[in-house]
Protein chains: 2
Amino acid sequence: MTKTPAARRGRPRTFDRDAALRRAMNVFWQHGFDGASMTQLVDAMQINSPSIYAAFGSKEDLFREAVELYVASDGGSTMRALTNDGDVRDALRSMLAETILTFTRHDEPRGCLIVLGARHLGPVGDPVRAFLRDQRERIRILLAERLLKAKQKGELAPEADEKALATCVMTFLNGISIETVDGTSQPTLLAAAELFVDRLLPR
Amino acid sequence: MTKTPAARRGRPRTFDRDAALRRAMNVFWQHGFDGASMTQLVDAMQINSPSIYAAFGSKEDLFREAVELYVASDGGSTMRALTNDGDVRDALRSMLAETILTFTRHDEPRGCLIVLGARHLGPVGDPVRAFLRDQRERIRILLAERLLKAKQKGELAPEADEKALATCVMTFLNGISIETVDGTSQPTLLAAAELFVDRLLPR
DNA sequence: ACCTATATGTATCACCCGGCACATATTGGG
DNA sequence: CCCAATATGTGCCGGGTGATACATATAGGT
C-alpha cells in the first residue's frame, strides 16, 4: 500500500500545483471565500480556469485545500503554540503572541483566514460556513483540554472554570482578527494580550 | 431656520420610509453589505428597486442610513451602557452584557452590523470599509476616555494602562461578534464576560 | 384645466459570476 | 505509429449583480 509514482500517462501539467495552491490561499486569506473571484484566482495562480477546475475540482474544493494549507503553515502556529507542555500562562502568552505575529506579518492578508473566510455567509446550512465553524470548534476544544490539564497539574486554582476560561480566550482570539484587519499596531496588540493573560489567570 | 413641512408637490410616496429602512437594516445586519443583494432588499422592503434608488440614492447610501439607524437603536446600547457614571466594573459589565443580549436577541441577525458588515472588503481605500472602521474607532476612543476618567477617580490603580485596557476590551468586544455568529450560547458568553471583567480589573 | 413635480411598476441594461464544451497539444503504452 | 489519457487555451454559457429608461399615475400650484 505504498504510494507508487503510478507512471502517469498523458500530457504532464506545466505549473507547480503547490505554488498555485499557495497563491490561491493568499487570495482567499485576503478576500474571503465569496470575495475572491475566479478572475482574481486565475490572475494570482497564473492558470486558466479550466486548469483550476481540472486540478482542484471547484472553487469550494480549492478553498478547502487552501484552508488545509493555511492550518498546516501560517495559521497553525496558533494551535501549535498551545501544545507546549510548560506553564499555562506561558503557553497562552506564546499562543497569543504567535497569533498576533502571524496576523500582522504582512500588510495583506491580515487576520485569520478561518475566522474571516466565510463572512457574508450563505444560508444557515451553508457547507463552507459549517466547515469553518468546525475548524474554530477544534481550537476551542483544544483550549479547554489544555486548561483542564493545567488545573489538574495545580497550575490553576481548583475552583477555576476552564470552560468559561476557554470561551473567554476564544473570544479574545476571535477579536484579534477584527483588530488586525482594522490596522491596530502589533505592539498595541501584544501589550493588550499580555495584560489579558496576566489578569485572567492571576498567579 | 426651523424645519418647515415644505409643501411637497407631486405624487406622495405610498410606503413608510422608516419601516422600509428598518427592514433594510435587518437585511444588511444579517448578510453584510456585499452579501445583501438588491433582490433581497426589494423583497424585504416591499418596494421595487427604482423606488429604493429614488428614496435612498444607492445601495451604499442605503447601507449608510441603515448603519445610522443601527447605531441609534439596537447597536447603540453597547455605547450607551458605557456612559453611566457608576463604578467602571459595573459599566463594563453592563456594556458587555448589553452587547451580548443585543447580539443574541434574535436567531438572525446575530453579532454586530458594524463589526461584520463589511467583510470580504474591497480595496484598502474602500469607502464602506473605512466608514465602518471609523465607527469602531469611535467606540475605542469612548472606552479609553471612560477608563481614564475611572483612573482619575481612583477606581483603578494609578499605574493602570488605560490604553492597553481599552484595546483589551475592544478586542474582546470584537470577538463576541464572531462568537455569536458561531452560535455560542448566551449564558456561556455572559459567564465568560463576567470572568473577563473580574480578572482584568481586580478590586 | 393645465403645468410641473414626484412616485410607481415594468422591463431591461451592461457587467461579472462560477463553471464548462470543445478543439488542440503533449505525454506514455502497446 | 497509433491509440488512450491527460493538460491547455479559447470562447462561451445561463444566471445573478447593481442600477436605470420609460411610460404611467397622482399630487400641488396657478
Side-chain angles (χ1 to χ4, degrees), chain A residues 4-21 23-24 27-28 30-66 117-123 126-129, chain B residues 4-21 23-24 27-28 30-66 117-123 126-129:
Chain A
T4 41
R8 320 226 314 110
R9 281 215 300 204
R11 180 175 175 174
R13 103 168 18 108
T14 56
F15 64 92
D16 182 337
R17 193 182 188 278
D18 293 338
L21 178 59
R23 294 197 191 96
V27 174
F28 283 126
Q30 191 164 344
H31 302 285
F33 176 72
D34 289 287
S37 71
M38 284 305 298
T39 305
Q40 285 174 306
L41 290 166
V42 164
D43 289 347
M45 298 169 78
Q46 306 180 40
I47 312 170
N48 291 313
S49 67
S51 293
I52 297 180
Y53 283 89
F56 298 98
S58 67
K59 189 189 175 188
E60 182 171 333
D61 292 332
L62 175 59
F63 181 69
R64 295 181 119 90
E65 275 203 57
R119 258 308 292 161
H120 107 54
L121 359 89
D126 183 288
V128 175
R129 175 175 173 176
Chain B
T4 42
R8 319 229 313 113
R9 281 212 301 202
R11 179 176 176 175
R13 83 163 44 98
T14 57
F15 64 91
D16 182 337
R17 193 181 188 279
D18 293 338
L21 177 59
R23 295 197 192 96
V27 174
F28 283 127
Q30 190 164 344
H31 302 284
F33 176 73
D34 289 286
S37 71
M38 285 306 298
T39 304
Q40 285 174 307
L41 290 167
V42 165
D43 290 346
M45 299 170 78
Q46 304 179 42
I47 312 170
N48 292 313
S49 67
S51 293
I52 297 180
Y53 282 89
F56 298 97
S58 68
K59 188 189 175 187
E60 182 171 332
D61 292 333
L62 175 61
F63 180 69
R64 296 180 119 89
E65 276 204 57
R119 259 306 292 162
H120 106 56
L121 357 90
D126 182 288
V128 175
R129 175 175 172 174

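In what follows, chains carry the letters A, B, and so on, assigned in the order in which the sequence lines appear, proteins first and then strands, with residues in each chain numbered from 1. It should be emphasised that the depicted structure is a prediction, and the values quoted were computed from it without experimental measurement.
Side-chain nitrogen and oxygen atoms of A/Tyr53 include none within less than 4.0 Å of the OP1 or OP2 phosphate oxygen of C/dC20. Not one side-chain nitrogen or oxygen of B/Ser51 sits closer than 4.0 Å to the OP1 or OP2 atom of C/dA7.
Following rounding to the nearest Å, B/Asn48 (CG) and C/dT6 (P) show an atom-to-atom distance of 20 Å. One interatomic measurement links the two molecules: CG of B/Leu62 to C1' of D/dG18, which rounds to 12 Å at whole-angstrom precision. The distance from atom CG of B/Asp61 to atom P of D/dG18 is 14 Å, rounded to the nearest whole Å. Nucleotide C/dA7 holds its P atom 14 Å from the CD1 atom of B/Ile52, rounded to whole Å. In this structure, the CZ atom of A/Phe56 is 16 Å from the C1' atom of D/dT6, given to the nearest Å. Taking atom CD of residue A/Gln46 and atom P of nucleotide D/dG9, one finds them 11 Å apart after rounding to whole Å. Atoms CG (A/Asp16) and P (D/dA7) sit 14 Å apart, rounded to a whole Å. If you measure from atom CZ of B/Phe63 to atom C1' of D/dG18, you get 16 Å, rounded to the nearest angstrom.
Within 4.0 Å of A/Pro12, counting heavy atoms only, lie sugar-phosphate atoms of the nucleic acid but no base atom.
If you check C/dC20, C/dG19, D/dA19 against the side chain of A/Ser58, the one that comes closest is C/dG19. With distances taken from any side-chain atom of A/Ser49 to the nucleotides C/dG19, D/dT26, C/dC17, the minimum falls on C/dG19. For A/Arg9, whose side chain is taken as the heavy atoms from C-beta onward, the closest listed nucleotide among C/dG28, D/dG28, D/dG9 is C/dG28.
Counting heavy atoms from C-beta outward, B/Leu62 and B/Leu41 have side chains that approach closer than 4.5 Å.
Residue whose closest nucleotide on DNA chain C sits further toward the 5' end, between A/Ser37 and B/Ile47: B/Ile47. With the nearest nucleotide of DNA chain D identified for both B/Met38 and B/Arg11, B/Met38 has the one nearer the 5' end.
Atom CD in B/Gln30 sits 12.5 Å away from atom CZ in B/Phe28 (nearest 0.5 Å).
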Determine all donor-acceptor pairs shorter than 3.5 Å in which one atom belongs to a side chain in residues 42-59 of chain B; sequence neighbours excluded.
unit_1	atom_1	unit_2	atom_2	d
B/Ser58	OG	B/Glu60	N	3.4
B/Ser58	OG	B/Asp61	N	3.2
B/Ser58	OG	B/Asp61	OD2	3.3
B/Lys59	NZ	B/Phe33	O	3.0
B/Lys59	NZ	B/Ala36	O	2.7

